[in-house]
Visitor: 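Take this structure, written in structure tokens, and hold onto it; I'll ask about it next.
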Amino acid sequence: MDGSFVARPARTTCPYCGVGCGVLATPDGRGGATIAGDPDHPANQGRLCSKGSALGETLSLEDRLLHPEIGGKRASWDAALDAVAEGFRRGLAQHGPEGVALYVSGQLLTEDYYATNKFAKGVLGTANIDSNSRLCMASAVAAHTRAFGEDVVPGTYEDLELADTVVLVGSNLAWCHPVLFQRVMAAKAARPSMTLIVVDPRRTATCEGAELHLPLRPGSDVALFAALLTHLQDRGLADRAWLAAHAEGAEAALEAARAIAPQAAALTGLDPALIARFCAAWAASPRTVTLWSMGVNQSSAGTDKANAIINCHLLTGRIGRPGAGPFSVTGQPNAMGGRETGALATMLAGHLRFDVPAEHAALAAFWNAPGLPRAPGLKATQLFAALEAQRIGALWVMATNPAVSLPDGDAVRGALARAPFLVVSEVTRRSDTAAYAHVRLPALAWAEKTGTVTNSERVISRQRGFLPAPGEARPDWWMVAEVARRLGHEGFGWAGPAAIFREHAAVTGLARPSARAFDISGLAGLADDAYAALAPTRWPVPADGPVAARFFAHGGVLAGRARLVPTPFRAPVEDVSAAFPLRLLTGRLRDQWHTMTRTGAVPRLMAHSPEPTLTLHPADAQGLAPGALVAAESVRGRAIFRLALDEGQARGTAFAPMHWAAELAPSGRVNALVAPHGDPVSFQPELKNAAIRVSAYGAAWHAAVLSATRLPRDLAPYEAAIAVEGGWRHELAGQGAPAEAFARLLRLIDAPGMAWQRMEDPAAGLFRAAAIRCGRLAGAVLLGPDAALPPRAWLAALLASEGPLEPADRAALLAGARPGGPPPSPLVCACHGVTAAAIQACGGDGARVGAETRAGTGCGSCKPEIAALLARLAPA
Ligand code: SF4
């Protein structure tokens, strides 16, 4: 840093979940930045969760892809872009527009999304562009379109605070949208009469604040909401005047619901009294928001589930009013931007439709794209099936990691390995998908990117770069524009993201006079300086004047009438059987994001849940102990997990996180097990209902290894690499001779200047070694016949310590036991490093927890776990 550096905070947006929190990022002049919540951003009003507040720890250039590569070798941008253009030219020549594709991401900014969609549909003439948002919210998009005629989220976050009853369906809001959950809990604290209801097969952290939890059978939501719809009708709560003026389809929807409702208890597995309580609470509360997330969407009946929820709001007219409405939250920071720009195979840009000739013609003329496709293209799982079948000649993957995130993961990896031409634009070298690429293009990361994102409540926020582009990294939109130019196309000569945004905004006005709800044509003339200063802005922003914050605020639904949709009950495609008796649910962890390429490098985020874990109800464990290694198998694949037991896990189900990639845990990839079955309307895969079986994984040896750098992959059948302060911790387990495994591990971490101390007891299968350099612990290998190795938090603390290794610790390392002290305790508060034991030591007094340990006083993401610990300490 030179003396002239002046730190100025940039107002930007968190790149993780769909809450879309505002962030103040202040560069430190050394390539890093301090991070704070933006008190002026309407989504978070200064709050950040554990992931957002750790953003400053993800800015390292270690593992960054900094230069273009062809065939794994550094290349110039010109050579790489020429190669991409030639690859797509070849793909088009061999297969036509149906044989080229792009697979993009909710991590892209709206400007990148717009450029990429224009390139696919306008230049290549293919609708084969789909986003990883297909895995996240496609069912919500389809349900909105069926109900409202367009993909529109009616309400705002404020409605969650104004509601008397908030129902969360298939949403672990406390972990997956933490700041929104904190807003709900703050509103509830201020107005204790507010009721929170959670509908979820698992008892999650979100349930800690809820009055009612309905642990329904996975996939059975339609039956519950059919019971509710008939209850509302039978209690005279249908708003006949509102329906007559604004909606249609009520009778058909009620008829379908009446066919299901009598079996609601049998189909959901819920106590009829619990269903009755739920229906009564919903019915009694005109101000009700029903929020749903991936537990609804990621299902072969996802669209029907979402419509079953919307039906209840339409029947009662509880929509468009303060504190009332159906509300879908997106998983990704800019999933909504992808929907707006049409970067999905089922949409044109700006919410324009393939099958409305005037809209299609308007866009084709605006883009000068006579080959604009007239029908939807391949959706995510279809696209990779086509790649597998060699029907795709060229594929460009941007800012996403389908090798980890798509279902039937082993088949996806096979397809990627056989791709005739694969381009990956990425920020990291540490991506499972990038390993298969013929051409790798270095993209800008969060701290360097400039553009806009739209959050779950339709608020467009600026993302502002605050660090210089490292190496030769470039914006995604620029790469696309350069390839389009090489393919001989005009119309990509933007000077920067402001120009792209103006063009995108202009497209949203093309539907006039038929009018689409998504209209930001009022921003089409935004000057560069106004774009630079753009404050968070909720759409619509039509060219001809302001509109209400809530859609349907005056009852009317867009250009027509709302539609209640009949939703017959359909069970998940894959059923359990004697051979595969457990239903696997997948989901997110509190402190991790997607495939861990960023959060996986932050030690304090890794501490909360450091290994790939499978959770079972204790009654399903069949004698397996928590902490044991288990193999989980489906008909598609196999993975190995550390076992956890939880009374809150529904009987007959298992839960595993979706984050782990081969880069960190080759054996813990849950997507190898997951089924690719899709919803017939939204084509969203059923990521939460694979049938599996679980058995003990009998390893000949287990090892914990500390090292300064990450060890190479594929060392053992079970492995997890965990970032810790000062280096890496590796958990390994395998077959074969323990002595040989020990010797191999020693060789891998040995380095000049290390002095080794060893203890070996081959008869007992015990091998321990500690490497000392300059008096400090520089590495360690502890290997034994079972998983009962020393507490890992203690081991990690020894590696992180800047002082000399104390004789007692040295002796304890070789003895394989921590010297004295209480037993290890899991981390609860990532901000202040507070364990469960420290919280329990406060004797069940919530005020003491904050005052004495500071747990819960940082980002607040741990508050539900603190509440659960305190509840267990409370007198019965
Ligand atoms: Fe980021 Fe957390 Fe806000 Fe989501 S809730 S946008 S992850 S800070």
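We count ligands from 1, going down the list as the structure has it; atoms in each ligand are counted the same way. These numbers come from the heavy atoms of this one structure, side chains and all, not from hydrogens, waters or symmetry mates.
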Visitor: Answer yes when E865 and R590 have at least one side-chain N-carboxylate O distance shorter than 4.0 Å, and no when they do not.
Guide: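 Looking at R590 together with E865, the answer is yes, because their closest N to O distance falls below 4.0 Å.
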Visitor: Tell me whether the rings of H351 and W539 are parallel (<30°), tilted (30 to 60°) or perpendicular (>60°).
Guide: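 The arrangement is perpendicular - the two ring planes meet at more than 60°.
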Visitor: In terms of side-chain heavy atoms, does T452 have a donor or acceptor partner in E111 at a distance below 3.5 Å?
Guide: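 Yes - a donor-acceptor pair under 3.5 Å links their side chains.
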Visitor: Please confirm whether the ring centroid of F466 lies under 6.0 Å from the ring centroid of W446.
Guide: yes
Visitor: Heavy-atom contacts with G20 under 4.0 Å: which atoms of ligand 1 show up? List them by number with element.
Guide: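 Contacts of ligand 1 toward G20, numbered from 1: 6 (S).
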Visitor: Under a 4.0 Å N-O cut-off, is there an ion pair linking D679 with R134?
Guide: no
Visitor: Between W477 and A115, which heavy-atom pair has the shortest distance, and what is it?
Guide: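 Reported closest heavy-atom pair: CB-CB, 3.8 Å.
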Visitor: So which protein N/O/S atoms does atom 2 (Fe) of ligand 1 have within less than 2.8 Å?
Guide: C49 SG
